[in-house]
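Following: one structure in structure tokens, then a few remarks.
Atoms within a ligand are numbered from 1 in the order they appear, just like the ligands themselves. This is a predicted model, so every value here is computed, not measured.
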Amino acid sequence: MTTNENAKEWVKWATELLRPDEVVWIDGTGLEKLREETLKSGEMIKLNQELLPGCYLHRSAQNDVARSEDKTFICTTKKADAGPNNNWKSPEDMKNILLPLYDGCMQGRTMYVIPFCMGPVGSPFSKLGIEITDSAYVVLSMCIMTRVSKEVIKRLDNSDEFVKGLHAKAEIDENKRYIAHFPEENAIWSINSGYGGNVLLGKKCFALRIASYQAKNEGWLAEHMLIIGIENPKGEVQYICAAFPSACGKTNLAMLIPPEGYEKKGYKVWCVGDDIAWIHIGPDGRLWAINPENGFFGVVPGTNKQSNPNALAAIQKDTIFTNVAHDLDNNTVWWEKLDKNPPENGINWKGEPWNGKTSKEKGAHPNSRFTTPSINCPNISPEFGAGEGVPISAIIFGGRRARVEPLVYQARDFQHGVFVAATLASETTAAQTGEVGVVRYDSMAMKPFCGYDMGDYFAHWLEMGEKLGDKAPEIFNVNWFRTDEEGEFIWPGFGENMRVLKWILERCNGEASAEDTAIGYMPKPEDIFMEGLDLAPEKLVELLSIDKELWCEEADGIREYFNTLGDTVPQKLWEALEELEKRVEIEN
Ligand code: OXD
Ligand code: MN
């Protein structure tokens, strides 16, 4: 319980609205009792504690397995403030819909009150929140994903500002599901879902949608970015932020292990964060980033010894698995592409008997997840908890593009980098519903997460660039997903991405050469260190080529996309588009 009068007042208001049987404050202690309760209620299954100590399995409702973008709203007084990139309702209209749904919905249930901190406790960049929920799974997940402790409650006692997150599972009724954000009053209301991204309110809802709005007003950036440190053989570490749309391998890159040759030379990659970065201008005028989260909420299928050995190691203890397959013989978990040995005596993510050797159905849902503490990760950075954050040398943007984008290029300057970021796009994969290979623009990988108008967000980035001046980080674009005539990926990806990161850092340090092309500065094939990699030289030439026809089409696509964003797209970005159009016409 806190002594903060505003917090007490708000919890009282919520208690009267929701009418739970009991109210329990969470301070990060006594969680064992809560876990026991989830076993009794069937909310979680305790896994084999010898093989997977501290690990549990949870299954969400079958209609509730991913973020519900069509049910996610930004509720600002003026519609224009939410922008065409968001679903909008006025705060009043939304509350008129939601209040009757919340009314008495916790009768017969326990209401948990979780004070939490996003960012290292005591960091000047951290922010506090309180989540109210009727889900013990949410409580246990929030205690992994955010900082929850007595110390946090003490900070709350003396704090004027906190984000109010109200979550109720209600009936998990898809038709009455809402994830509503009220940026003008630092509030999030979520109802009728029990799935991660919709209900772990510290993550996308607070740390991106609400925080991006705060960041615009306060002069910083809340971004959908991983943060890594790359240590060279001299022991110097340089940090990079990277933004990729969902399902482009952010967690894999964050936990990258350099190829053998690099490791032998003494290169190391340190993970500061895999999903979200809060970035401020530091006392030295550069950008400094913290990871506001305290855990990883990663996609499980595809995680294996080759793709991400660090993630695999991290999830061997103290992890909650959601919607993976249950191996009944060993009381362990399994998912697609873990290994070639699926359980015969299993239960699939839907809770049905499942034989992995004979069934054509998937055992794990494609969006099944692990929730695991950051400190479990073998390459977690010693700077993970640093209150001042880490200084950023480069920002990378990347998507899945089969043909158009080369392996890597560098923006000419920060302003051009904002254009590169604003025009980030990715092609749909089989993991999404709908047609495969459709290009979706996802500016800064923030389209689903920006809590205000996209054009205003671009303008905020440009303003940040002006403030940074010559201290601005270099901006790059990468594409690990280029395919050949047969549709096969050309670049091996995973650990080999280190070769591209090395060129990027060399560019930042003025140590590598590049060619000025129509789209930006590109390495020549000999600029990428290829020793120890079995890739034919002509393949690298192909990866570093740009096709004039495709880039003309790309420019048309960007024009169409900018038009959908309305008249707030800054003039400077339209000019950058015209420049691109001219250069691809003339130079290629
Ligand atoms: C995520 C996402 O869950 O981006 O991180 O969808
Ligand atoms: Mn994400």
Less than 4.0 angstrom from a charged side-chain N to a carboxylate O is my criterion; do [X] and [Y] meet it?
X	Y	answer
E554	R401	yes
E69	R67	yes
K164	E131	no

Can you list the ligand 1 atoms lying under 4.0 Å from a non-hydrogen atom of D275?
5 (O)
Distance filter under 4.0 Å to K204 heavy atoms, resulting ligand 1 atoms
1 (C), 2 (C), 3 (O), 4 (O), 5 (O)
Suppose we only count N/O/S atoms under 2.8 Å; would A445 qualify as near the Mn ion (ligand 2)?
no
Any heavy-atom pair between the side chains of L505 and I230 that's under 4.5 Å?
yes
Flag side-chain contact, heavy atom, 4.5 Å: M498 against L256
yes
Any N/O pair K203/ligand 1 closer than 3.5 Å:
no
Using heavy atoms and a threshold below 4.0 Å, how should the contact between H224 and ligand 1 be classified: side chain, backbone, both, or neither?
side chain
May I ask you to identify, for R369, whether its side chain, its backbone, both or neither come under 4.0 Å of ligand 1 on a heavy-atom basis?
side chain
Please find the N/O/S atom of D275 nearest to the Mn ion (ligand 2) and write down its name.
OD1
Minimum heavy-atom separation for K127 and E161, please, with both atom names.
NZ-OE2, 3.3 Å
I need the nearest protein heavy-atom contact for atom 4 (O) of ligand 1: residue, atom name and distance, please.
S246 OG, 2.6 Å
